[in-house]
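Here the structure comes first, spelled out in structure tokens, and everything after it is commentary.
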Amino acid sequence: MSFCFIFYTSLFRDRLPGDLAPEFYNITLRPRLKPNPNSNLYIFTGWSTVQFECLEATDLILIHSNKLNYTKMEDEHFVRLTSEGASVPKIKSTWLQLQKQYLVIQLRSKLTPGQKYQLFAQFTGELADDLAGFYRSEYKEDGVTKIIATSQMHPTNARKTFPCFDEPAMKAVFHITLIHPTGTVALSNDHKTITVDGETLLQTKFEATKKMSTYLLAIIVSDYVRIWARKKAIEEGQGNYSLKVTGPILDFFQSYYNISYPLRKSDQIALPDFYFGAMENWGLVTYRETNLLYDPVTSSTSNKETTVTIIAHELAHMWFGNLVTLRWWNEVWLNEGFASYVSYLGADYAEPDWNVKDLIVLDDVQKVFAVDALVSSHPLTSEEDSINLPGQIMEQFDTISYSKGAAVLRMLSDFLSESVFKQGLSSYLRHFSYGNTIGSDLWKHLQMAVQDNNVSLPRQVDAIMNHWVRQMGFPVVTIDTSTGIVSQNHFLLDPESNVTVESFGFFRYKWMIPVRWMKDGDVHKDIWWLLEKEGVQLKTGPSWVLANINVTGYYRVNYDLGNWERIFSQLSVIPLINRAQLVDDSFNLARAQLLSTTLALRTTSYLSKETEYMPWQSALNNLNYFYLMLDQTEVYEPMQEYFRKQVTPLFLYFRNITSNWTKVPEKHTDQYNQVNAVSTACKTGLPECQNLVRMWFRQWMDDPERNPIHPNLRSVVYCSAVAAGGEAEWNFTWSQFQDATVASEAHKLMLALACSNDMQLLERYLEFTLDPAKIRKQDATAVITAVANNRAGQNLTWQFVTKNWEYMFTEYGVGSFSFASLISGVTARFSTPEELQQLLDFEEEHKDAGFGSAALAVDQAVERTEANIKWVQRNKQEILQWFSSQTGN
């Protein structure tokens with residue numbers, strides 16, 4: 001190894017130096033859809049030229065490259081450097097810096113600022129099944145295995161496909177050519193311009209893309225038909241729903257942003273193997289099959305809602321993220337949080353009768369509160385220089401970025417008003433089209449809209465938002481109606497935990513809080529702002545007060561006991577979303593020791609009279625924690641008895657409105673709550689429910705060609721039947737899973753197989769997750785966490801994960817397992833000192849190899865387990881007594 005190699009290796013930064021700027025790429029790729037006879041590997045070959053401008057004189061070219069093998073040029077170097085009409089420095093040496101994923105070109109003299117150069121390379125890569133870069137996906141059709149070459153460049157895998165300046169601010173134009181077998185179709189971001197026929201090969205050229213980031217490139221070769229999916233799926237009409245809602249959603253966003261759709265085509269494709277739920281490649285969006293395909297015969301209402309919201313999320317990015325791109329990954333939250341928020345608006349436009357906009361409170365706000373109340377949480381925005389390596393970048397794509405991002409942007413839109421928010425947004429997108437930004441650019445444009453419309457705010461937009469974006473966590477607002485004092489504090493699930501992360505800036509865990517509130521049922525028109533730790537304002541006397549109307553603010557609310565009692569007597573007139581809020585806030589305030597656990601449990605007393613979905617779902621989400629902590633203890637039986645009593649009226653209500661289960665409820669959320677009614681009634685052992693489920697499943701087993709179970713109820717019926725049954729039911733479900741041609745149906749069957757109470761069957765199922773012929777790699781995490789979620793499977797799963805961790809983490813699961821979800825899923829029940837010790841031992845044993853994108857999840861698991869241990873010790877007796885008193889035991 002030469003001295004210069006050692007010297008330069010130590011000098012390399014994690015980021016590109018910025019002295020070269022790419023203008024365009026010419027890329028030709030030829031994927032082989034059959035394995036190489038010598039190596040038995042699937043490969044692709046490629047040729048690429050990138051034209052770049054030199055901005056500052058340098059004798060070193062750094063360009064990203066990962067897992068590519070280069071064909072040496074005539075001078076024995078990996079690349080050829082040319083320039084039109086100018087002298088070109090000779091290449092001294094070229095090598096690959098594996099750790100930083102650079103192809104390094106050391107020159108004998110410096111490049112000239114202002115001069116344009118072309119870098120040519122010829123290379124080979126593996127078309128692996130690792131779901132990253134240019135990769136292969138397989139599926140069976142009529143017993144024949146089919147191979148697709150597809151791509152996932154986001155966030156840092158374009159460099160695994162061709163050498164490139166693989167950072168989001170290095171935007172360029174891409175000229176793509178694909179060489180592929182006859183009988184297949186080539187797709188990319190733009191329209192094809194020409195397809196040349198050969199004997200056995202086609203060559204498809206595409207029009208130049210718009211100027212865009214490398215992570216948005218998409219390249220696919222398959223034998224699919226449009227809306228792009230397996231031929232059989234399209235013949236069965238599984239693409240019709242996506243096709244129906246895509247047009248209205250695009251229309252909605254064109255109007256919302258007040259900017260026409262920037263491209264000339266909008267393709268969407270459903271892939272059998274895909275790491276993310278979907279990916280917003282500009283003009284060619286890729287999806288997991290379960291998210292794009294909807295089969296009216298077998299898919300549920302929930303599948304339908306997933307499809308429309310995910311399409312809306314991805315299409316929202318066509319402007320916010322693709323047309324205008326954030327400069328670096330430290331502000332991922334703004335891109336993903338924004339798309340998550342407006343996906344509800346786009347879906348609401350496509351399906352106006354569903355009231356889908358309200359569901360953000362359950363699916364994002366309440367979900368992320370649980371994570372953001374831990375001391376291991378993190379601010380939405382990180383310092384730019386703290387996020388450099390691919391593993392650190394991947395770690396940014398978490399619940400905080402998506403769900404907290406959506407929640408704070410929804411709050412911002414609410415206190416500005418939607419029209420002002422849209423005006424600022426449109427001005428931001430027009431100003432920065434085809435360019436890159438930082439988050440504060442958006443605040444500036446929103447501030448301009450605030451001034452144009454004379455909106456009254458206590459501070460400028462950036463000052464208000466920095467409190468929410470640059471520090472982790474969120475406040476609890478406490479209203480004492482006896483004194484009128486309103487105060488705020490950092491809400492922590494474990495009040496004894498020590499916050500060591502210094503607030504980013506000098507905010508000291510204080511927020512600028514917009515409070516919407518009502519008194520005796522009358523909503524106050526104006527927002528009241530809490531800007532200090534304490535503010536005196538609300539003298540209410542004997543009236544009842546409710547704050548954070550419709551949960552537009554990202555905070556929890558606590559009251560004095562007198563007001564809690566008054567609220568309990570008013571539940572019938574309190575708005576629907578706030579009934580769900582009261583349940584969720586009270587349970588979490590109790591976990592944080594700000595309220596008694598029995599007061600929180602009292603919010604469930606009225607559920608026997610409640611038929612709406614949101615309060616029920618909120619209660620079930622919170623009671624899930626009680627089950628996780630206590631279902632192995634003596635609390636389990638009285639708890640089961642109490643909830644059986646509470647859910648029975650709901651079960652009978654749905655039996656009645658569906659004419660004895662023969663009709664589907666009309667209202668969208670009623671369809672969801674019917675599932676809750678059946679699921680909870682069966683889980684808590686209501687005989688009528690269990691007999692009903694057994695009868696349906698037995699009818700199906702007797703006549704497998706005719707499934708009598710309505711798609712909405714299939715998940716719960718399959719799970720209940722497998723749990724109550726034995727090997728025969730499990731084997732029947734397994735064979736149906738293997739034969740399923742609809743992805744969403746396969747998914748329901750796959751999760752139901754984890755519901756068994758037979759340890760041998762669960763053990764067998766866990767082993768299947770390491771065999772891709774049985775469980776696809778992308779689904780392994782979901783199966784393992786589903787078995788862990790089963791009361792019977794928890795210990796088994798932990799043993800399985802600890803035994804196989806090294807193999808999964810370093811070999812089998814790389815690129816396809818969500819290790820963060822795996823860790824949080826298998827440790828969710830941990831609540832004893834023994835389990836904490838096992839977790840610490842596991843952390844110690846594998847600390848040398850590290851945990852990659854799961855590093856934060858391991859810290860969170862330790863913190864959560866410590867909090868769980870304390871919670872059980874503090875609350876178990878009180879809970880046991882309360883449930884026993886309610887059931888007369």
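Salt bridge E612/K667: present, at least one basic N to carboxylate O contact under 4.0 Å. Under a 4.0 Å N-O distance rule, the pair D273/K777 does not qualify as a salt bridge.
In terms of modelled atom types and a separation under 3.5 Å, the side chain of T307 and the main chain of N291 share a donor-acceptor contact. Of the possible donor and acceptor atoms, none in the side chain of Q738 sits under 3.5 Å from a partner among the backbone N and O of S735. Side-chain atoms of E314 come within 3.5 Å of backbone N or O of E280 as a donor-acceptor pair. No donor-acceptor distance shorter than 3.5 angstrom exists from the side chain of Q617 to the backbone of N673, with no hydrogens or angles considered. Of the possible polar contacts, one joining the Q671 side chain to the P665 backbone as a donor-acceptor pair under 3.5 Å is found. With N757 contributing its side chain and A723 its backbone, the two residues share a donor-acceptor pair below 3.5 Å. For D758 (side chain) and L761 (main-chain N/O), a donor-acceptor pair under 3.5 Å exists by modelled atom type. One N or O on the side chain of T802 and one on the backbone of Q799 form a donor-acceptor pair closer than 3.5 Å.
Ring geometry for Y765 against F768 counts as perpendicular: the plane angle is over 60°, on a 0 to 90° scale with 30° as the lower cut. Between F643 and Y627, the ring planes lie tilted relative to each other; the angle falls in the 30° to 60° range. Ring geometry for F819 against W805 counts as perpendicular: the plane angle is over 60°, on a 0 to 90° scale with 30° as the lower cut.
Closest approach of L770 and M808 over heavy atoms only: CD2-CG, 3.8 Å. Residues L630 and M639 approach most closely at CB-CE, 4.2 Å, considering heavy atoms. What you find for V693 and S720 is that their closest heavy atoms are CG1-CB, 3.7 Å. Contact between E351 and Y241 at its shortest, heavy atoms only, is OE2-OH, 2.7 Å. Closest approach of L762 and N790 over heavy atoms only: CD1-ND2, 3.8 Å. Among all heavy-atom pairs drawn from M629 and A828, the shortest one is CE-O, 3.6 Å.
Results of the salt bridge (charged side-chain N to carboxylate O under 4.0 Å, His left out) test with R230 over E236, E289, E138 single out E289 as the only residue that passes.
Cation-pi check for R791 over Y636 is met; the charged atom lies under 6.0 angstrom from the ring centroid and within 45 degrees of its normal. K231 forms no cation-pi arrangement with Y224, by the criterion of a distance under 6.0 Å to the ring centre and an angle within 45° of the ring axis.
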**Message:** Please determine whether side chain to side chain donor-acceptor pair (under 3.5 Å) holds for the pair Y287 and Q268, giving the CA-CA distance in whole Å, both sets of side-chain angles, and the decisive distance to 0.1 Å.
**Reply:** CA-CA 7 Å; Y287 296 83; Q268 304 184 90; 2.5 Å; yes
**Request:** Using the side-chain contact (heavy atoms from CB on, under 4.5 Å) rule, take W730 and Q760 through it: C-alpha gap first, then chi angles, then the decisive distance, then the call.
**Result:** CA-CA 11 Å; W730 198 91; Q760 279 179 305; over 6 Å; no
**Request:** Start with the C-alpha distance between I269 and V285, add both sets of side-chain angles, then the distance that settles side-chain contact (heavy atoms from CB on, under 4.5 Å), and finish with yes or no.
**Result:** CA-CA 6 Å; I269 184 165; V285 183; over 6 Å; no
**Message:** Assess the residue pair E767 and K803 against the criterion (salt bridge (Lys or Arg N to Asp or Glu O under 4.0 Å)); give the C-alpha distance rounded to whole Å, side-chain angles, the decisive distance to 0.1 Å, and a yes or no.
**Reply:** CA-CA 11 Å; E767 291 298 336; K803 184 179 88 180; 3.8 Å; yes
**Message:** Does E745 form a salt bridge (Lys or Arg N to Asp or Glu O under 4.0 Å) with R714? I'd like the steps, not just the answer.
**Reply:** CA-CA 9 Å; E745 176 71 0; R714 285 185 184 179; 3.3 Å; yes
**Request:** Applying side chain to side chain donor-acceptor pair (under 3.5 Å), run through Y344 and D364 and close with a yes or a no.
**Result:** CA-CA 11 Å; Y344 288 93; D364 285 290; 2.6 Å; yes
**Asked** So K146 and E141, salt bridge (Lys or Arg N to Asp or Glu O under 4.0 Å) or not? Walk me through it.
**Response** CA-CA 7 Å; K146 300 279 186 84; E141 196 158 80; 3.5 Å; yes
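Within 6.0 Å of NE2 in H710 there are more than 12 heavy atoms belonging to other residues, nucleotides or ligands. Heavy atoms from other residues, nucleotides or ligands lying under 6.0 Å from NZ of K683 number 12 at most. The local environment of CD in Q699 is crowded, with over 12 non-hydrogen atoms from other residues, nucleotides or ligands closer than 6.0 Å.
Using a 4.5 Å heavy-atom threshold, the side chains of N676 and Y613 count as touching. The shortest distance between side-chain heavy atoms of R288 and D779 falls below 4.5 Å. Side-chain contact between T286 and F274: present, with at least one pair of heavy atoms (C-beta onward) separated by less than 4.5 Å. Within the 4.5 Å cutoff, the side chain of V635 has heavy atoms near those of the K876 side chain. At least one side-chain heavy atom of L766 sits less than 4.5 Å from a side-chain heavy atom of T797. In this structure, T669 and W354 have side chains that are not in contact, with every pair of non-hydrogen atoms separated by 4.5 Å or more. Using a 4.5 Å heavy-atom threshold, the side chains of Y642 and E637 count as separate. By the 4.5 Å heavy-atom criterion applied to side chains, S744 and Y294 are not counted as neighbours.
With sequence neighbours excluded, the residues forming a salt bridge (charged side-chain N to carboxylate O under 4.0 Å, His left out) with D584 are R556, listed by chain and number. Every residue two or more places apart in sequence or in another chain was checked for a salt bridge (charged side-chain N to carboxylate O under 4.0 Å, His left out) with K140, and none qualifies. By the ring pair (Phe, Tyr, Trp, His ring centres under 6.0 Å) test, F800 is found to be paired with no residue, residues two or more places apart in sequence or in another chain being considered.
Put simply, CD1 on I775 and OG1 on T769 are 7.5 Å apart, with the number rounded to the nearest 0.5 Å. Rounding to the nearest 0.5 Å places CZ of F651 at 13.0 Å from CZ of R644. Here CZ of F737 is found 11.5 Å from NZ of K774. Values are rounded to the nearest 0.5 Å. The OG atom of S300 sits 7.0 Å away from atom OH of Y672, with the distance rounded to the nearest 0.5 Å. Between atom OG of residue S340 and atom CG of residue D363 there is a gap of 11.0 Å, rounded to the nearest 0.5 Å. Remark: R829 CZ to T827 OG1 distance equals 11.5 Å, nearest 0.5 Å.
Less than 6.0 angstrom separates the ring centroid of F697 from the ring centroid of F732.
Side-chain N/O atoms of Y135 and Q152 include no donor and acceptor closer than 3.5 Å. Defined by atom type and a distance below 3.5 Å, a donor-acceptor pair is present between the side-chain atoms of N588 and N622.
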